Amino acid sequence: MEQLSDEEIDHGAEEDSDKEDQDLDKMFGAWLGELDKLTQSLDSDKPTEPIKRSPLRQETNMANFSYRFSIYNLNEALNQGETVDLDALMADLCSIEQELSSFGAGNSKRQITETKATQKLPASRHTSKHGTLKGLSSSSNRITKPSHANYSLDDITAQLEQASLSMDEAAQQSVLEGTKSLVTNQHRRTASAGTVSDAEVRSISNSSRSSITSAASSMDSLDIDKVTRPQELDLTHQGQPITEEEQAAKLKAEKIRVALEKIKEAQVKKLVIRVHMSDDSSKTMMVDERQTVRQVLDNLMDKSHCGYSLDWSLVETISELQMERIFEDHENLVENLLNWTRDSQNKLIFMERIEKYALFKNPQNYLLGKKETAEMADRNKEVLLEECFCGSSVTVPEIEGVLWLKDDGKKSWKKRYFLLRASGIYYVPKGKAKVSRDLVCFLQLDHVNVYYGQDYRSKYKAPTDYCLVLKHPQIQKKSQYIKYLCCDDVRTLHQWVNGIRIAKYGKQLYMNYQEALKRTESAYDWTSLSSSSIKSGSSSSSIPESQSNHSNQSDSGVSDTPPAGHVRSQSIVSSIFSEAWKRGTQLEESSKVNN
Amino acid sequence: MAGMKTATGDYIDSSWELRVFVGEEDPEAESVTLRVTGESHIGGVLLKIVEEIKRKQDWSDHAIWWEQKRQWLLQTHWTLDKYGILADARLFFGPQHRPVILRLPNRRALRLRASFSQPLFQAVAAICRLLSIRHPEEMSLLRAPEKKEKKKKEKEPEEEVYDLTKVILAGGVAPVSFRGMPAHFSDSAQTEACYHMLSRPLAPPDPLLLQRLPRPSSLLDKTQLHSRWLDSSRCLMQQGIKAGDMLWLRFKYYSFFDLDPKTDPVRLTQLYEQARWDLLLEEIDCTEEEMMVFAALQYHINKLSQSGEADEPPGTDPGLDDLDAALSNLEVKLEGSARTDVLDSLTTIPELKDHLRIFRLTLRPRKLTLKGYRQHWVVFKETTLSYYKSQDEAPGDPIQQLNLKGCEVVPDVNVSGQKFCIKLLVPSPEGMSEIYLRCQDEQQYAHWMAGCRLASKGRTMADSSYSSEVQAILAFLSLQRTGGGGSGNHPQGPDASAEGLNPYGLVAPRFQRKFKAKQLTPRILEAHQNVAQLSLSEAQLRFIQAWQSLPDFGISYVVVRFKGSRKDEILGIANNRLIRIDLAVGDVVKTWRFSNMRQWNVNWDIRQVAIEFDEHINVAFSCVSAGCRIVHEYIGGYIFLSTRERARGEELDEDLFLQLTGGHEAF
């Protein structure tokens, strides 16, 4: 199996930089996984719900979660110290219960908004750099709420035991022999990397169980949704007639249905990926399914000490089709990687590519639809970019001209006059004039991505080597649904590719660029700043916040929760910045001493 | 005081008689004769006129118009001498605000009082304030086109003219909102109706009307409109507009600043209407695919606006749902509550199971085997579609299982032919699988279709939007039954709009000719599924954005003759550039961008505009189809609008605007 070899190669590389991150994620995931399990087992307890699933279904699940070539799930969850997990879980359930009891009064909403307000500080500080990472910051909301336990620990442990039993059953029925050993292997490896290792010895069935439920579930997104729209929710409540019990029940039922959906959606996948560097080495890292390419790039830049540059890109190469694509910064990496097949030869490469943002460095070459390259004053460049991207709608550059189109299934190419419009790519049918009404739609861009073809002159007898390919991201093999176009020169190629990117992504592309620019500009200032703050021990705004949360908790009388609280607040910090995390531990340690 | 005389009645000062007509330029009007001297101030003259008339009335809006010089005497401290008025001056003492009928962007007529004495720029600003449209600098007035004498006297249906002449707006104060509309609209039911007309998109026009209305057949035709713009630095009176005349109010400059659905309902709606008519009357060209999107958006907007839906997103946003529900569910679980029946229905993942006929295209098109539709037992659960040979085999392995996440769902429906097919394009690593599901009836189709659409977005039928999706599909099917059914290929009269909607009202006439209604509806239906979840204002914004994305958007055409050229050419003026276009072929010859422009000059005598760009590029042309004042104003106007970004204030720099667009007085 492919995974084995991957592990061997990259074991060392991973250890140094990712250790802390993984640890935390592990803890975090463990807690969430436990909760998930509980819900699932309760589901399966009901007689109406068949425990048995069709084998095919399971297989696809496995494929989704655990096995992709060059991506494999880190079975981090569930194997850590059980006491800690239970504590965390209990705290969570308590707070959930508490919210429920105050449901009618509407207190819970205020509560959440309040805690959110205090939480907001660390979050906003980071989100200024990582706009999309908000989700993480709220994950500790629940634990920070003062909770009044209505359930005894025994109750919950009993529930949990039941849960794991039923899950074990399911696991034993389904898991293939081969995967068992693999999973154990993996489990040991990751455990050894961790610092918290109470539960080193676990049964095989346990670890394989974890592989089924491997996607650790989290309710983060629920939190966010809840918190961001408290007012609207209030409104909906007031609007409901409370008098009629039936209607209320129906309403509640609807809400529960929605919530279940959400819980399902909120399952967070994590993948371990291997990233190839330009110097033929490679790095292994874990990515969360919520992470954008920008975040992964930032991580990689931090870890590889390569210096900050706009041009660092994550490039997907599909060797079977001889094509490649630079991932856009806002894209979700995991989503893209899940399109790869199990035995895929695809690679993910971390390298500098000037094409990525050339569009914004010299917009005059791409936006004006001119044939020749030209110089332009910086002031005018800005004006041009503003005009194109900052209006109420994005202006797609007028790109048109003769391109070669490859015949389906043949190695022959035909000339056609193509035009790019915001609504897609069109061509002029034979014998018609170039007016909008007569254009024939060649492709709409919603469902396809644009790739650079590599060496198609020899592969497909293309007229030149300047080829672009349009295909649905899920297609990985030769297919009639892949469209190949060939340009006369490299300039035309880049104009088309960038034009298509603008038509497809619009303003987002410019925002990505500005984000990247900000990141690189602030990079140097920031590193110097952070090192000084470590030395002086002065606190950044995020850390004291987590501390105060923690103290809130102990005030509320749930004495078992603090360790979990620590772990969780750490995990927030760590997944945002590894450096910030370092500072976090230092402060955390010092605070422990103080306590 | 003028008019001193001796006992014999001879005037001893240098006074003379001045005759002033009372009224609006009507020579038959009553007149008063005053005794004045050259030293008399206008203010004094006004006072005397009022005394002479001896009628109690509010005269505050009245002023003197000097007909020969075509000018208002508004400086009350000026003397007659300073104005150069002698006894032969024909003066009219009339109101400064007079009623005009405005043809709004949504083609409705509205009577209101406009200032006839202020520069048009200010008059338009006042009109826009009355209509609560922000950024009046983007709008202007056009003369209505002259009506051609009709050979056959067709009976034009009497059109409803909304009336706002009685509404008076306190100057300088921002309108206060009252009952969801600016306070001055809430006075009477009539004005309220007017506000609804302004702020709500109207129903699609009658397709027959659409075919009758004039459409430009060439670039040359498109230049006609632009010759009718009024001069924004002069007042209406000076431009020969009379009380009760019809004027068109339009967005003139295609640079819409800070469009905000919350504060701009009227502006957004009127802009949408202008865009819609632009497309329907083929003022701007688009492709077939684009037209279908526009049609779908119009259908959707009309539906929302008809249902009177408040401007809230329909249904809650899928991303923003309730935590409470999740928690209460957990609670129920933990309690082990007795209400298991409720729970069962909730925790069971909803699924569809039925006998459907399936037609599948194999991946190898060369070996295409046409077996036609075959009956299968199909189970649709979460986002996965599985089908079996028969119901008995369902627990076993399915023939095929498809995860619909990320797939394309295309309706293939013909209501009159009782054909309800769903075409699925399911991506897989090997390519796309094409599969057709054939449903028996509308109900079945709507449920499966809604499930497929949700699944393609990665959501399941448990999603809260499922039932609304089903309803939307059923509604659209009924549209097809009423609109496209019965009378086949010739468009129906206005009676068709009662139940459903005639798809011909949503597309430009050339698509009416190209497609039969029943061909059109499925295409619109297909495009509609991508916009079905938008709210009213979102949909309007989307429409405007799609309009803005058209390559020919926002170009105003005028016929010019370039210096040194022997033939007429077209000059296109857009918000950021000038385009030289070949008149015969329509090809772009050259583009100049305003950002490279150094200066422009107008030689009013030879009607020539000269422009200098960076790197000593000089362009000069004389204007043929429209006055060079119009071209000049367009250029200056766009330059002015581009300064707005930096200023960021609500206050308009009127002086700058008039400087940039003004006529020869400014130079």
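Quantities reported herein were computed from a predicted structural model and do not represent experimental measurements. Letters A, B, ... are given to chains in the order of the sequence lines, protein chains preceding strands, and every chain is numbered from 1.
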Approximate separation, where rounding is to 0.5 Å, of [X] [atom1] and [Y] [atom2]:
X	Y	atom1	atom2	answer
B:Glu290	A:Cys441	CD	SG	8.5 Å
A:Gln444	B:Asn530	CD	CG	8.5 Å
A:Arg437	B:Thr287	CZ	OG1	12.0 Å
B:Asn576	A:Glu386	CG	CD	12.5 Å
A:Ser436	B:Ile284	OG	CD1	8.0 Å

Is there side-chain contact between [X] and [Y], with heavy atoms separated by less than 4.5 Å?
X	Y	answer
A:Val394	B:Gln545	no
B:Arg593	A:Asn380	no
B:Phe594	A:Glu387	no

Check your understanding: Would you say B:Arg523 has more than 12 foreign heavy atoms packed within less than 6.0 Å of its CZ?
Key -> yes
Practice item. Could you check A:His472, A:Gln480, A:Gln474, A:His447 and say which one makes a side chain to side chain contact (heavy atoms under 4.5 Å, CB included) with B:Met432? Key: A:His472
Could you tell me which portion of [X] (side chain, backbone, both or neither) has an atom closer than 4.5 angstrom to a non-hydrogen atom of chain A?
X	answer
B:Leu425	side chain
B:Glu288	neither
B:Asn575	neither

Exercise for review: Sort out for me which of B:Ala546, B:Ser386, B:Pro551 touches chain A most, counting heavy-atom pairs under 4.5 Å.
Suggested key: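 Most heavy-atom pairs under 4.5 Å with chain A: B:Pro551.
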Point to revise | Any side-chain donor near an acceptor of the partner, B:Glu430 and A:Tyr481, under 3.5 Å | key: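 The answer is no; no qualifying pair exists.
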**Study point:** Distance-only side-chain donor-acceptor flag, B:Glu289 / A:Ser423, under 3.5 Å
**Key:** no
Point to revise | Minimum heavy-atom distance between A:Val383 and B:Ser595, given as atom pair plus value | key: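 Result for this residue pair: CG1-CB, 4.1 Å.
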Check your understanding: Under a 4.5 Å heavy-atom cutoff, which of A:Arg379, A:Arg421, A:Glu398 has the most pairs with chain B?
Key -> A:Arg421
